[in-house]
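Notes for the one structure printed next.
Order of the sequence lines fixes the chain letters, A, B, ..., with proteins taken first and strands second; residue numbering starts at 1 for each chain. Scope of the values below: all heavy atoms of this structure, side chains included, with no hydrogens, waters or symmetry mates.
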Amino acid sequence: MHASEKLAEPAIVDKLRRRLGGSSDFIVRLFHEDAKEHCKYAVCYIDGLVDKTLLAFMIEAVAAETREEAGKQMDLAKSLASRVPVGSLTDTDSEDKFVEAVLNGEAVIIGTALSGGLTVAIPGGPSRSVEEPSSQTVVRGPKDGFTESLSDNVSLVRRRLRTPDLRIEDRVFGRYTRTKVAVVYIEGIIQPVILEELRRRLDAIDIDGILESGYIEELIQETSWTPFPTVQNTERPDTVAGHLLEGHAAVLVDGTPFALILPVTFFKFFLSSEDYYQRHDIASFVRIIRFIAFFVSLLLPSLYIAVTTFQQEMIPTTMLISLAAQREGVPLPALLEALLMELTFEVIREAGIRMPRVIGPAISIVGALVLGQAAVQAGLVSGAMVIIVSFTAIANFVIPALGMSAAIRIMRFLLMALAGSFGLFGVLAGMIPLLLHLVALRSFGVPYMLPVAPLKWINFKDLFFRLPWRALTERPAVIGSRNIRRQRKQGPRREGNRN
Amino acid sequence: MKRWSRALCALTACCLLSGCWDRRELNELGITAATAIDRSGDEWVVTYQVIVPSAMWSGAGGSGGATSSSQSSVHVFTSRGSTIREAANRANLEFTRQLYFSHTDVLVLGKAAAQQGITEVLDLYLRSFDARETVLLTVTDGEGSKILRQFVPPERLPGTAIATILKTDQETSGLTPTVRVFDVARSIYSDANAILVPEIGIRRVDGGDPKDLEGVDAFKTSIVPTKLRLLRTGVFKGARLVGWIGQRESYGINWLTNRIKNTMIIFPCPGAKSDKERAAYRVRTAKTRVAPVKSGQSFQMNVRVKSKGVLIESSCTKSLSDPATIAAMEQQIEKVIQDDIRLGWNASQQMNADLAGFADIVHRKYPDAWKQMKNDWDQRLDQIELNVHVQATLENTGMLSDTVREKPS
């Protein structure tokens with residue numbers, strides 16, 4: 001445009017530029033009536049944080065305003081409001097607010113004629129479209145998952161809960177990241193105590209950066225000294241909506257598709273949103289399978305070690321003979337054999353997550369053939385141990401929540417060591433403190449083992465089994481006991497019901 | 001933090017120092033499938049039948065394939081000692097693995113050991129952790145060690161096979177009693193103080209040599225020259241073997257003692273013209289109740305037997321669709337059972353052993369009278385009268401009503 005002639009800018013623009021250290025993505029566009037004249041308006045924004053299309057509309061509006069403005073003394077705000085098709089307009093005057101606005105993806109319009117400036121919210125920039133969640137897939141159920149954009153995520157939840165009682169509280173965390181965080185809950189269902197406690201813990205956060213919801217999870221959880229997650233995370237908006245209806249709160253964090261759900265109890269980690277979409281009998285069966293898988297995943301290797309090295313009399317004779325035959329010539333004691341195989345599996349697992357997709361098949365071949373079959377044929381491990389370890393590993397994947405299955409993996413190693421030292425007695429000596437620990441845990445004041453300890457019979461309707469929806473007339477106790485009824489007492493009336 | 005690290009150190013030390021002391025890997029165990037106890041002079045002679053796992057399971061390791069046909073699945077050896085445990089300890093002078101008795105299925109008593117008394121054996125089995133009192137007991141007319149050397153084709157584990165034979169007999173025909181070590185121990189402390197123990201022996205087929213069954217070659221032929229078989233029944237008074245009774249007699253006693261669960265009864269057809277006309281009745285459920293009635297200085301035992309079953313074989317000429325025939329058949333069955341019971345009881349009287357366990361029943365019902373009689377109870381057995389009442393029900397005649405036969409010409 002006017003590269004040769006340095007035009008006078010409003011002083012505030014210069015200040016802003018200095019605040020941002022002359023960063024190259026800070027763009028200033030100047031508008032004047034003609035070349036000689038002083039700058040009339042300046043539009044500042046950060047490239048990449050604003051939506052290009054909306055920006056074009058806005059700049060056109062400002063340019064038109066500049067041209068037509070001669071003679072008319074109309075308010076820029078009113079004029080723009082009529083011209084710019086989208087974005088909320090705010091009058092601002094302090095420098096700090098300008099900076100904040102610019103960094104929030106707003107465009108700032110500064111006019112020499114104006115006392116302050118106007119900010120126009122036209123956030124944009126690169127974002128992912130809504131896709132199927134990668135970590136929590138379902139066969140039946142909605143396929144949309146959260147994205148990295150907070151506003152998209154909030155809209156995904158809002159679309160499921162079109163009630164005026166859905167409350168979204170925005171907060172900003174991170175001295176440098178200025179990450180937007182939204183606390184979502186349903187007024188009238190959530191227990192105010194829990195909400196207050198959540199707000200109190202969020203207020204205490206003072207950190208330079210929040211890059212993922214995991215930061216907040218760790219900062220607000222009850223204690224860090226437990227492997228068990230006391231806050232649940234999910235990629236699924238329907239899971240969030242379902243929990244909100246049961247009186248939980250959710251924390252959505254900008255920049256990550258993982259939302260936090262709290263408070264959460266131990267048994268919640270074994271439920272999947274799909275349980276509520278499937279027929280109740282099938283869902284109940286699947287739940288039982290999950291609980292069995294939990295015990296298998298936690299106890300199978302340690303029980304195997306205990307029984308084969310200490311309590312052989314517990315194995316039926318024919319099985320004992322077959323196990324003994326497989327152990328003929330195996331050089332390692334059962335404990336080391338199991339630890340070796342478990343560690344191998346953990347390594348393969350970790351490698352499988354990190355490696356590029358292209359190498360995937362190679363790893364599975366190495367894992368399955370070399371480490372499984374070849375190890376048995378070489379006589380390094382017994383065939384039964386390979387079966388035990390693989391079944392344990394598969395059972396571990398049945399548990400829907402990754403945080404819980406990771407906790408179980410760690411506990412499994414402890415129990416294996418105890419089983420290798422003390423046999424079944426050791427397994428028991430490990431399980432009792434584990435149970436004590438679980439009973440002592442709390443999540444936002446709610447006992448971790450809630451429906452079981454303390455006992456709340458009403459919650460058993462939707463715990464190990466899911467009763468048909470007609471029977472689930474109440475919200476689970478304690479968490480949602482403020483507004484207990486979720487269906488009419490009789491349940492929805494059936495057409496053609498015999499009376 | 002310091003406290004935590006100290007606690008952690010203590011825990012780790014617990015695991016590392018005290019742990020594993022009684023650890024036994026599976027490949028260090030000599031799993032014993034059967035034990036035989038004999039007596040030779042002043043010493044106990046104990047024979048072990050130890051399983052060779054790698055021969056049992058053909059898929060083991062890389063050696064895989066059909067190892068099972070060339071390798072013996074059990075290893076039998078003997079050790080001696082002044083006590084049974086001493087003998088077991090000495091076994092490790094010649095055997096690489098720790099003998100492990102938890103999975104022993106059967107205990108074979110040699111005749112000499114059984115006649116001398118087995119209280120030591122009972123004590124051992126009740127006292128030790130790994131030897132179980134649920135082990136099945138058999139006695140043999142000779143040396144027990146010889147029984148253990150015999151294979152029972154097609155089963156690969158002879159010890160387990162003997163136990164299976166005993167259990168199958170108990171469940172399907174009830175000819176011999178199934179006795180655990182625990183039962184013998186209980187009988188010693190009971191009032192009757194007598195028990196039956198099945199005899200296992202080697203039956204020669206066509207004059208075969210028992211040695212033929214000792215090797216792996218036993219699996220290579222379809223007919224074997226000798227077989228292990230349940231023969232008579234040994235009568236134990238106290239912990240001593242005092243004599244033998246036959247299978248029919250022990251069958252009768254099994255009826256008396258309510259041990260029959262499932263058995264078969266062959267009976268002559270009602271109104272049979274020849275011996276050929278017989279039928280078989282399969283007992284599905286049976287129940288025996290014994291009630292003593294005091295009569296003077298002696299007792300009358302009221303034995304009530306109820307049995308239900310079906311007809312499984314028949315060569316009777318009368319039409320089975322006639323309810324009168326069925327009723328007549330039921331009477332025949334009742335008579336056969338009654339005869340069996342009497343046969344068993346006579347044998348018991350002859351042995352002067354209260355094999356039916358009447359002493360305990362009398363003790364419970366007439367405690368005062370029992371006090372006077374308990375010293376010469378075995379002599380009083382002769383005076384006991386048996387009052388047997390059998391009620392047999394023939395529930396159905398199978399899928400056929402009348403007997404298959406040629407057209408009368």
Side-chain angles (χ1 to χ4, degrees), chain A residues 225 302 304-338 373-387 413-427 429-430 433, chain B residues 1 4 7-8 11-34 50-64 67-68 71 73-74 97-98 100-106 128-132 134 155-157 159-160 163-164:
Chain A
W225 297 109
S302 43
Y304 178 78
I305 294 169
V307 164
T308 54
T309 49
F310 291 92
Q311 277 87 14
Q312 289 96 349
E313 54 269 24
M314 290 188 68
I315 317 173
T317 311
T318 40
M319 195 193 214
L320 179 76
I321 293 164
S322 126
L323 292 180
Q326 294 174 53
R327 273 205 62 83
E328 274 321 293
V330 173
L332 300 170
L335 172 63
L336 279 185
E337 195 187 349
Q373 203 178 340
V376 174
Q377 280 191 346
L380 291 177
V381 290
S382 61
M385 188 58 85
V386 175
I387 295 171
F413 279 101
L414 281 179
L415 286 175
M416 275 160 68
L418 283 170
S421 305
F422 303 107
L424 285 181
F425 172 75
V427 176
Chain B
M1 215 54 223
W4 280 107
L8 201 71
L11 267 176
T12 321
C14 275
C15 287
L16 294 178
L17 295 176
S18 68
C20 316
W21 64 273
D22 58 347
R23 198 194 77 201
R24 288 170 304 191
E25 293 294 337
L26 287 181
N27 42 3
E28 295 163 1
L29 290 181
I31 306 163
T32 313
V50 178
I51 298 167
V52 182
S54 52
M56 282 293 300
W57 192 69
S58 51
S63 57
T67 45
S68 47
Q71 204 181 347
S73 53
V74 288
R97 302 184 172 196
Q98 287 178 43
Y100 183 65
F101 295 100
S102 287
H103 286 268
T104 306
D105 281 317
V106 69
S128 58
F129 291 109
D130 63 343
R132 299 289 176 85
T134 51
E155 300 296 330
R156 301 205 59 85
L157 280 183
T160 315
T164 314

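Closest approach of A/E328 to B/S54, counting heavy atoms only: CG-CB, 3.9 Å. Shortest non-hydrogen contact noted between B/L157 and A/I321 is CD1-CD1, 3.3 Å.
With A/E313 as reference, B/Y100 is the one residue of B/F101, B/F129, B/Y100 to meet the side chain to side chain contact (heavy atoms under 4.5 Å, CB included) rule.
Separation of atoms CG (A/L320) and CD1 (B/I31) is listed at 4.0 Å; rounding is to 0.5 Å. Expressed to the nearest 0.5 Å, how far CZ of B/R156 lies from OG1 of A/T318 amounts to 14.5 Å.
Looking only at side-chain heavy atoms (C-beta outward), B/R23 and A/F310 come within less than 4.5 Å of each other.
A distance-only check finds a donor-acceptor pair linking the side chain of A/Q312 to the backbone of B/R24 [under 3.5 Å].
With sequence neighbours excluded, the residues forming a side chain to side chain contact (heavy atoms under 4.5 Å, CB included) with B/E155 are B/A161, listed by chain and number.
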Tabulate below the donor-acceptor pairs under 3.5 Å that side-chain atoms of residues 331-338 of chain A make, not counting sequence neighbours, or state none.
from, atom 1, to, atom 2, distance (Å)
A/E337, OE1, A/R327, NH1, 2.4
A/E337, OE2, A/S382, N, 2.6
A/E337, OE2, A/S382, OG, 2.8

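Ranked by heavy-atom pairs under 4.5 Å with chain A, the list B/T160, B/L29, B/D130 is led by B/L29.
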